[in-house]
Chemist: 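There's a structure below that I have some questions on.
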Protein chains: 2
Amino acid sequence: MTPAKRVRKSPEERRADVHGAARSIALESGLSAVTQRAVAERAGVAPGLVTHYADRMELLVAEVFRDIVQEELESVRSAVEAVEGDDVERVIALLHGLIRDYRRDVALVWLDGWSLSRRNEELAATLVDQARAWEDFVAAVFERGDASGAFRAPDPLALARFVIGATDGLSAQATVWAGHEEETVRYVTRTVAGLLGIPTSALARTAY
Amino acid sequence: MTPAKRVRKSPEERRADVHGAARSIALESGLSAVTQRAVAERAGVAPGLVTHYADRMELLVAEVFRDIVQEELESVRSAVEAVEGDDVERVIALLHGLIRDYRRDVALVWLDGWSLSRRNEELAATLVDQARAWEDFVAAVFERGDASGAFRAPDPLALARFVIGATDGLSAQATVWAGHEEETVRYVTRTVAGLLGIPTSALARTAY
DNA sequence: ATCGGTATTGATCGGTTGATCAATAGCCTG
DNA sequence: CAGGCTATTGATCAACCGATCAATACCGAT
């Protein structure tokens, strides 16, 4: 039993290590696999160091959830903002980000979040925050198109809630029903086109 | 410490007791609260008796999930089959069963099921079975209307998958975003009407 | 080179979980 | 009423969980 050689890092760096280990575990095996010992092992560190930096494991889980979900949102956001065309094109990019480019690991993290937030207050609060951030983002896309006259969206926030709720459910389905993404995109496209008061072909003009 | 008085029941009856206790715990506190000791206490029984009848706790959890979900399906099924009117009326009843009459406890059990099935093989298999049963039921409603000419549903199964996925997601949302059920019903109604090729008013003619 | 601050260790505690099984006692049969 | 089958008990085990903290040793400052 040779005592493990120690490496002394700056608190910020070590904190990032622990956080990164927790993050990768969450993406691989779910939020419930983010335990003190599992994180410690992956970070190559003693168990005590994890709670030393994370304070409580529940907080670490909530933070990891926030990071994963936030990154996904920023990814879709930048894809939408990178669109050169009109507001209809932006909606197309949005739907792509919501469904076609969905990431199974992220979808599973969302499901874990819903389930675990019953017993983890911080996680519950974080989940609500992130859901609102998604709503605001999607609603802004619809509002912009409504303002420019590209389509009609009299209640952007309600529409955003609907689209997000629906696509979330479809993503959950897709975690076990793989292979129906194309079909799902078609349905959602038709649906949203109908709700926006534009012809389906307008939202489906790029090749899917 | 007076030894607890024993009551000797038939295996079938005791099994039902244990099962019922597990079921009520799942509806109250989620699938992850269905532990050997919690079930034993609620059933008024020694912990050992729970696993004696359930074999493994994972099996009990899977069975409880199946029962709860199956009962919900049968409830909606009988509501739809009780409709006297035409196939459009049946779709209205279906959407009601899927969204407005949604039960928060059942929705949470679904979420737990998705999350837990990563670590519980039997639960995963049960979840897939139940999801298919829902699909078949909803698809049959659409197929019937298509056959009778009440509306158009060229691919009933795909449409069923879409409607179920979307309403599942919206139900999950509703577990935290309470109070938007009416709005959600309106959106889903418009959406489904559009997909079925009938005027929205046809699906919304009863007072919501 | 050495000293001190502090990052890090890892054993430890109390709590939970599922599973097991010898011992017990209720109730039906004769 | 007696006997025996078996339903039931409850203590016990190993494995995991999060949290804690005195002891340790690394590394920058002097």
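Labels below follow one simple rule: chain letters A, B, ... track the order of the sequence lines, proteins then strands, and each chain is numbered from 1. Heavy-atom basis, side chains included; hydrogens, waters and symmetry copies ignored.
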Chemist: Could you tell me whether B:Arg14 and B:Asp17 have a side-chain N and a carboxylate O separated by less than 4.0 Å?
Modeler: yes

Chemist: Near DNA chain D, which residues from residues 6-19 of chain A have a heavy atom under 4.0 Å away?
Modeler: A:Arg6, A:Arg8

Chemist: Can you list, by residue number, the residues of residues 45-59 of chain B that have a non-hydrogen atom closer than 4.0 angstrom to DNA chain D?
Modeler: B:Val45, B:Ala46, B:Gly48, B:Leu49, B:His52, B:Tyr53

Chemist: Does A:Glu63 pair with A:Arg23 as a salt bridge, N-O distance under 4.0 Å?
Modeler: no

Chemist: If you measure from CG on B:Leu159 to CZ on B:Phe162, what distance do you get to the nearest 0.5 Å?
Modeler: 8.0 Å

Chemist: To the nearest 0.5 angstrom, please state how far the CH2 atom of B:Trp134 sits from the CG atom of B:Asp168.
Modeler: 8.5 Å

Chemist: Please list all pairs passing the ring pair (Phe, Tyr, Trp, His ring centres under 6.0 Å) test where one or both residues lie in residues 26-74 of chain A, with sequence neighbours left out.
Modeler: A:Phe65-A:Trp110

Chemist: Whole angstrom is fine here: how far is it from CZ in B:Arg37 over to P in C:dG18?
Modeler: 7 Å

Chemist: May I ask you to decide whether B:Glu122 forms a salt bridge with B:Arg56, counting only side-chain N to carboxylate O separations under 4.0 Å?
Modeler: yes

Chemist: Just checking, is any N or O donor in the side chain of B:Ser171 or B:Arg104 under 3.5 Å from an acceptor N or O on the other one?
Modeler: no

Chemist: Could you tell me which residues satisfy salt bridge (Lys or Arg N to Asp or Glu O under 4.0 Å) with A:Glu121, sequence neighbours excluded, listed by chain and number?
Modeler: none

Chemist: Is any side-chain N of the basic residue among A:Arg42 and A:Glu28 closer than 4.0 Å to the acidic one's carboxylate O?
Modeler: yes

Chemist: Please list, by residue number, the residues of residues 111-127 of chain A whose heavy atoms come closer than 4.0 Å to an atom of DNA chain D; answer none if no residue qualifies.
Modeler: none

Chemist: Please identify which of these residues, A:Ile99, A:Val141, A:Thr167, A:Val83, meets the side-chain contact (heavy atoms from CB on, under 4.5 Å) condition with A:Leu94.
Modeler: A:Val141

Chemist: Can B:Glu12 and B:Arg15 be counted as an ion pair, charged N to O under 4.0 angstrom?
Modeler: no

Chemist: Going through the distances and angles, do B:Ser29 and A:Arg118 end up as a side-chain hydrogen bond (donor to acceptor under 3.5 Å, both in side chains)?
Modeler: CA-CA 9 Å; B:Ser29 314; A:Arg118 189 189 297 211; 5.5 Å; no

Chemist: Go through residues 27-36 of chain B and report each residue with a non-hydrogen atom lying under 4.0 Å from DNA chain D, sorted by number.
Modeler: none

